[in-house]
Amino acid sequence: MIDVERLLILREVARHGSKAAAARALQLSEPTVAHHLRALERRAGVPLTMRAGRVTRLTPTGEALVQHADAIAASLEDAERSLHRHADLQVGQLRIAAFTSFCATVLPRPLAQFAHTYPGVEIGLEETETDPALDLLRSGAADLVIGFSDAATPPPVDIPTVPLGRDEYLAILPETHPLAGRAAIDMGALAHERWISGCVRCRTHLVAHADEAGFVPHIAFVTEDYIAAQRLIAEGLGVALLTRMALDASPAIPGIVAVPTRPDTYRDIFLALPRDAAPAAEAFASLLVTGL
């Protein structure tokens, strides 16, 4: 089998044009470089280099061999980076900021898997809405954010993001509502309802969706607790737009129905982390993206 170290020495000779220059780059003596090249040529059974004045050039066989050396060098560099990343993950911390319904539904399993894989990393979680979470990331108080966006509230432009999926908004009505039995409800049919809304991004989305339908919603109740919102609806106090994820995160509330709207509407869930993300954040982001 070809000796990898000697193959990489041949690569340096090709890059620098002489044994002497390659020796300086490798911090070896020139006789040592010459020795390794002779041994590599004996193994190959053909000349790999030739002199052209003061320059050492590769033979066609040597050039073909160096192409493999380039691939091997790149692979070794990747392996070294991976080694350093895993070494860094023996200790450290991972501070996540994420919105409520994601914390309640999707996040626990990958977080437990990460904790099992990297027990030396201290994990922290702050449940908060998207805009405060992004502020934590910008200030360095969080390493990774899971947030959501839509046409009315776009994702950040100053932080790289990765899409994680879509979450449909549904109209939530009392089961006694005249429209409760519909397969879908035109948003305009809810123009005169009292509305229950939540976080700033959710309210912005509601207002934008209602505006498309030609009305301004009368928001009578504001709560970021989606269970409280559903109980208010069950008592006939209003209607709301809630996502499937929010409904999945809460126990079944009797007395309400969930109906798609026309036009349908969604929020896009994203992962945000800085370009100079900590190794723990990069590892968790990779786990989260591949696991969804």
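Residues: numbered from 1 along the sequence shown. Because the structure is a prediction, the values reported are computed rather than measured.
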Legend entry - Steps toward side-chain contact (heavy atoms from CB on, under 4.5 Å) verdict (V239, R194): CA-CA 6 Å; V239 301; R194 284 182 304 192; over 6 Å; no
Inset, instruction - Apply side-chain contact (heavy atoms from CB on, under 4.5 Å) to the pair L111 and I96, showing each step before the final yes or no. - result: CA-CA 10 Å; L111 202 56; I96 299 171; 3.5 Å; yes
Inset, instruction - Using the salt bridge (Lys or Arg N to Asp or Glu O under 4.0 Å) rule, take D167 and R244 through it: C-alpha gap first, then chi angles, then the decisive distance, then the call. - result: CA-CA 6 Å; D167 190 17; R244 290 191 182 277; over 6 Å; no
Inset, instruction - Give the intermediate values and the outcome of side-chain contact (heavy atoms from CB on, under 4.5 Å) for residues F114 and V121. - result: CA-CA 9 Å; F114 182 89; V121 176; 3.9 Å; yes
Inset, instruction - Let me see the working for T100 and C103 under side-chain contact (heavy atoms from CB on, under 4.5 Å), right down to the final yes or no. - result: CA-CA 5 Å; T100 302; C103 289; 5.7 Å; no
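Annotation: the span from H177 atom NE2 to I172 atom CD1 amounts to 12.5 Å, rounded to 0.5 Å. For the atom pair CD1 of I159 and CG of L271, the computed distance is 11.0 Å after rounding to the nearest 0.5 Å. Note that the CG atom of L8 and the CZ atom of R15 stand 10.0 Å from one another [nearest 0.5 Å]. A distance of 12.0 Å separates OG1 in T130 from CG in L137, rounded to the nearest 0.5 Å. Between L107 atom CG and R109 atom CZ the span is 12.0 Å, to the nearest 0.5 Å. A distance of 12.5 Å separates CZ in R24 from OG in S29, rounded to the nearest 0.5 Å.
Smallest separation of non-hydrogen atoms from R138 and P156: NH2-CB, 3.8 Å. Across every non-hydrogen atom of T161 and A272, the tightest pair is CG2-CB, 4.0 Å. Closest heavy-atom contact between P160 and R275: CG-CG, 3.5 Å. Closest approach of T61 to P47, counting heavy atoms only: CB-O, 4.3 Å. D143 approaches A281 most closely through the heavy-atom pair O-CB, 3.7 Å. In this structure, M187 and W195 approach most closely via the heavy-atom pair CE-CH2, 3.6 Å.
The closest side-chain heavy-atom distance from H205 to T153 is not below 4.5 Å. Side chains of L164 and I146 form a contact here, defined as non-hydrogen atoms less than 4.5 Å apart. L173 places a side-chain heavy atom less than 4.5 Å from the side chain of L179. The shortest distance between side-chain heavy atoms of L247 and T243 does not fall below 4.5 Å. Taking 4.5 Å as the limit, some side-chain heavy atom of I196 sits within range of a side-chain heavy atom of I233. Side-chain contact between I9 and L28 is present, with at least one heavy-atom pair separated by less than 4.5 Å. Inter-residue side-chain proximity for Y118 and I123 is flagged as unmet; no heavy-atom pair is nearer than 4.5 Å. A heavy-atom distance below 4.5 Å is not found between the side chains of R6 and R38.
Between the side chain of S286 and the main chain of E282, no donor-acceptor pair closer than 3.5 Å is present. A donor-acceptor contact shorter than 3.5 Å links the side chain of Q230 to the backbone of Y226. Between the side chain of R95 and the backbone N or O of L125, no donor-acceptor pair lies under 3.5 Å. Looking at H16, its side chain never comes within 3.5 Å of a backbone N or O of S18 through a donor-acceptor pair. Looking at T204, its side chain does come within 3.5 Å of a backbone N or O of V200 through a donor-acceptor pair.
Linking ILVMFWY side-chain heavy atoms closer than 4.5 Å, directly or via other members, places M245 and Y169 in a single hydrophobic cluster. Taking hydrophobic clusters as Ile, Leu, Val, Met, Phe, Trp and Tyr residues chained together by side-chain heavy-atom distances below 4.5 Å, L206 shares a cluster with V259. Taken together through direct or relayed side-chain contacts under 4.5 Å among Ile, Leu, Val, Met, Phe, Trp and Tyr, V162 and L287 form part of one hydrophobic cluster. Using a 4.5 Å cut-off between side-chain heavy atoms of Ile, Leu, Val, Met, Phe, Trp and Tyr, with links allowed through other members, M50 and V13 fall into different hydrophobic clusters. Y266 and L242 fall into different hydrophobic clusters, defined by Ile, Leu, Val, Met, Phe, Trp and Tyr side-chain heavy atoms under 4.5 Å apart, directly or through other members.
Between F148 and F270, the ring center distance fails the sub-6.0 Å criterion.
There is no side-chain donor-acceptor pair under 3.5 Å between T265 and E168. Side-chain N/O atoms of S149 and R267 include no donor and acceptor closer than 3.5 Å.
Counting non-hydrogen atoms of other residues, nucleotides and ligands closer than 6.0 Å to CZ of R203 gives a total above 12. Atom CZ of R182 sits in a sparse spot, with 12 or fewer heavy atoms from other residues, nucleotides or ligands closer than 6.0 Å. Annotation for Q93: atom CD counts as buried by contact number, over 12 foreign heavy atoms lying within 6.0 Å. Surrounding CZ of R51 are more than 12 heavy atoms belonging to other residues, nucleotides or ligands, all under 6.0 Å away.
Between R201 and D150 there is no salt bridge, since no side-chain nitrogen of the basic residue lies less than 4.0 Å from a carboxylate oxygen of the acidic one.
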Show me the side-chain donor-acceptor pairs of residues 208-224 shorter than 3.5 Å, one per line, residues at least two apart or across chains.
| unit_1 | atom_1 | unit_2 | atom_2 | d |
| --- | --- | --- | --- | --- |
| H209 | NE2 | T261 | OG1 | 3.3 |
| H209 | NE2 | P263 | O | 3.4 |
| T223 | OG1 | D225 | N | 3.1 |

